[in-house]
2 protein chains.
Amino acid sequence: MVDSGTEKAQVGKVSRPRGRPRSFDRATALEKALMAFWEHGYEATSVSELTSAMGIGAPSLYAAFGDKQALFAEVVREYGVRYGSFGDRALAEEPTARAAVERMLREAAVEYTAPGRPHGCLVIHAATNCTSPEVEGSLRDRRNASIAAFERRMRDDVEAGELPADTDVAALARHTGAIIQGMSQQARDGASREELEALAEIAMAIWPRT
Amino acid sequence: MVDSGTEKAQVGKVSRPRGRPRSFDRATALEKALMAFWEHGYEATSVSELTSAMGIGAPSLYAAFGDKQALFAEVVREYGVRYGSFGDRALAEEPTARAAVERMLREAAVEYTAPGRPHGCLVIHAATNCTSPEVEGSLRDRRNASIAAFERRMRDDVEAGELPADTDVAALARHTGAIIQGMSQQARDGASREELEALAEIAMAIWPRT
DNA sequence: TCTTTTCTGTAGCGACCGCTAGAAAATGAG
DNA sequence: CTCATTTTCTAGCGGTCGCTACAGAAAAGA
């Protein structure tokens, strides 16, 4: 049952696997599950909601993804790649921590209110009020890891002389995290892209004047 | 069954009601329910968890509080009075919007990490990922009402000349809401009072220099 | 005492939860 | 073709959900 999802690629010919072929596309089914979890969270999304959203029966779901928790873990991974990577990209590509945060907040306003998909951030919301400590903890770890990444990037800037030596990088990172989390919450509560952009712009005023 | 909770006070003598007296104190039972909902949220707190936390049987719960949703509504009301009033107090008592927000954030750092009770804010978290739109919406309305109250207080200051005439009060109010919501989230994620206080202090830097 | 009223405890309702056994269907291998 | 393998579909498992019928217990009033 391990590695049940990956199709082993053969040299040259495609050579389909032995038994009855799967009647659905695994990637699109995963995407449907992602949307369902994103919209309603881990516990409030029942397996029957998942199966009907994914267009498959329950046994197919369990055969292809393990169980509900494993499917959610895979959804979270996929979310990180498809929707949650703008922060890492900003941190990696921008020349300064300040520019990275500014771009991150600006992009968050767009991402969190994008039409045609749930608002806000899956990592922030999908495992709140969750009976399983494992699931709740996995997303909490991700949130705290993000703040730690902010702090590392800021500390680099301090060491490079880009930020004042007495900068409280831990608090500055926490502040950035709070803004992101608050923006996500307000996107869920109906705030528009423009409103979040104005919020982000105000939040940038904590940085030393340019 | 309406008004089943309130004991009608008589002039002079106490005159207990007719039938078998209630074996539990309604207020302390409500407080236990409040803690349970605060900790785990609306849906993740089952009726059987509630009954065992409150120390009563299910029929007693339904007789005294209606149903789960009515109990939650009463809990939210009680929470607003007992734990969620520091914001309104700051807005009402402080001379300026800025002083009110500063005090509110400082107090939020304390309230959201107070020992012996759940961290963060019930209004922000207890109805996320909720199957019932009514319950989810009731808390969302409260959150948006808070931001609207911030905005009104700020607009008063603009009209009084306490804030610049071109202040974007809507964005400033949203920013304050985002900080509060982010602080609550991070309190749930394990941040300490000191960390939240440092976050709050940084957030105050968006206001014009004193 | 007896009746009336209200609350308590037991026991269980129907509905949904996550999950799976087992048979039928669809493919490749021989 | 038959056989082995894998997926699909149907049906349903045990468990928990929110909630309640019912009988007995505990009080006031007659």
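Chain naming here is simple, since letters A, B, ... match the order of the sequence lines and numbering starts at 1 in each. For the numbers below, each heavy atom of this structure counts, side chains included, while hydrogens, waters and symmetry mates do not.
- Within the model, atoms CG of A/Leu34 and OG1 of A/Thr28 stand 12.0 Å from one another, a figure rounded to the nearest 0.5 Å.
- OP1 or OP2 of C/dT8 lies within a sub-4.0 Å distance of a side-chain N or O belonging to B/Ser60.
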**OP:** Going 5' to 3' through nucleotides 25-30 of chain C, assign each nucleotide B (protein heavy atom under 4.0 Å from a base atom), S (under 4.0 Å only from sugar-phosphate atoms) or - (no protein heavy atom that close).
**Re:** BBBBS-
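- Listed for the B/Thr51 side chain is a donor-acceptor partner under 3.5 Å among the backbone atoms of B/Val47.
- In the helix from C/dT1-D/dA30 to C/dG30-D/dC1, the end axes, each obtained as the rotation axis mapping the C1' atoms of four pairs onto the next four within a five-pair block, lie 10° apart to the nearest 10 degrees.
- Atom CD of B/Glu134 has 12 or fewer neighbouring heavy atoms from other residues, nucleotides or ligands inside a 6.0 Å radius.
- Going from atom CZ of B/Phe24 over to atom C1' of C/dT6 covers 12 Å, rounded to whole Å.
- Among residue pairs with one or both ends in residues 68-79 of chain B, those qualifying as salt bridge (Lys or Arg N to Asp or Glu O under 4.0 Å) are B/Arg26-B/Glu74, B/Glu78-B/Arg82; sequence neighbours excluded.
- Taking the nucleotide of DNA chain D with the nearest heavy atom to each of B/Lys68 and B/Pro59, the more 5' of the two is matched to B/Lys68.
- Each of B/Leu50, B/Thr45, B/Leu122 was compared with B/Val75 under the side chain to side chain contact (heavy atoms under 4.5 Å, CB included) criterion, and only B/Leu122 meets it.
- Heavy-atom contacts from other residues, nucleotides or ligands closer than 6.0 Å to CD of B/Glu201 number 12 or fewer.
- The backbone N or O of B/Leu196 lies less than 3.5 Å from no partner atom in the side chain of B/Gln186, so there is not a single donor-acceptor pair.
- Put simply, CZ on A/Phe72 is 17 Å from P on C/dC17, counting in whole angstrom units.
- With a 4.5 Å cut-off on side-chain heavy atoms, A/Cys121 and A/Met183 do not count as touching.
- Sorted by first and then second residue, the ring pair (Phe, Tyr, Trp, His ring centres under 6.0 Å) pairs involving residues 26-61 of chain A (not counting sequence neighbours) are A/Phe37-A/Tyr42, A/Phe37-A/Phe72, A/Trp38-A/Tyr79, A/Trp38-A/Tyr83, A/Tyr42-A/Phe72.
- Of the possible donor and acceptor atoms, one in the side chain of A/Thr176 sits under 3.5 Å from a partner among the backbone N and O of A/Leu172.
- Remark: A/Ser23 is not in phosphate contact with D/dT7, judged by side-chain N or O atoms under 4.0 Å from OP1 or OP2.
- Between the CZ atom of A/Arg22 and the C1' atom of D/dT6 there is a distance of 10 Å, rounded to whole Å.
- Neither OP1 nor OP2 of C/dT20 sits under 4.0 Å from any side-chain N or O of A/Tyr62.
- Atom pair B/Asp67:CG and D/dC17:C1' shows a separation of 14 Å (rounding to whole Å applied).
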Could you list the donor-acceptor pairs under 3.5 angstrom formed between side-chain atoms of residues 144-154 of chain A and any protein atom two or more places apart in sequence or on another chain?
from, atom 1, to, atom 2, distance (Å)
A/Asn144, ND2, B/Asp189, O, 3.3
A/Ser146, OG, A/Arg142, O, 3.3
A/Glu151, OE2, A/Arg155, NH2, 2.9
A/Arg153, NE, A/Leu91, O, 3.2
A/Arg153, NH1, A/Asp157, OD1, 2.6
A/Arg153, NH2, A/Glu94, O, 3.3
A/Arg153, NH2, A/Pro95, O, 3.0

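- Heavy-atom distances under 4.0 Å link DNA chain D to no residue of residues 35-58 of chain A.
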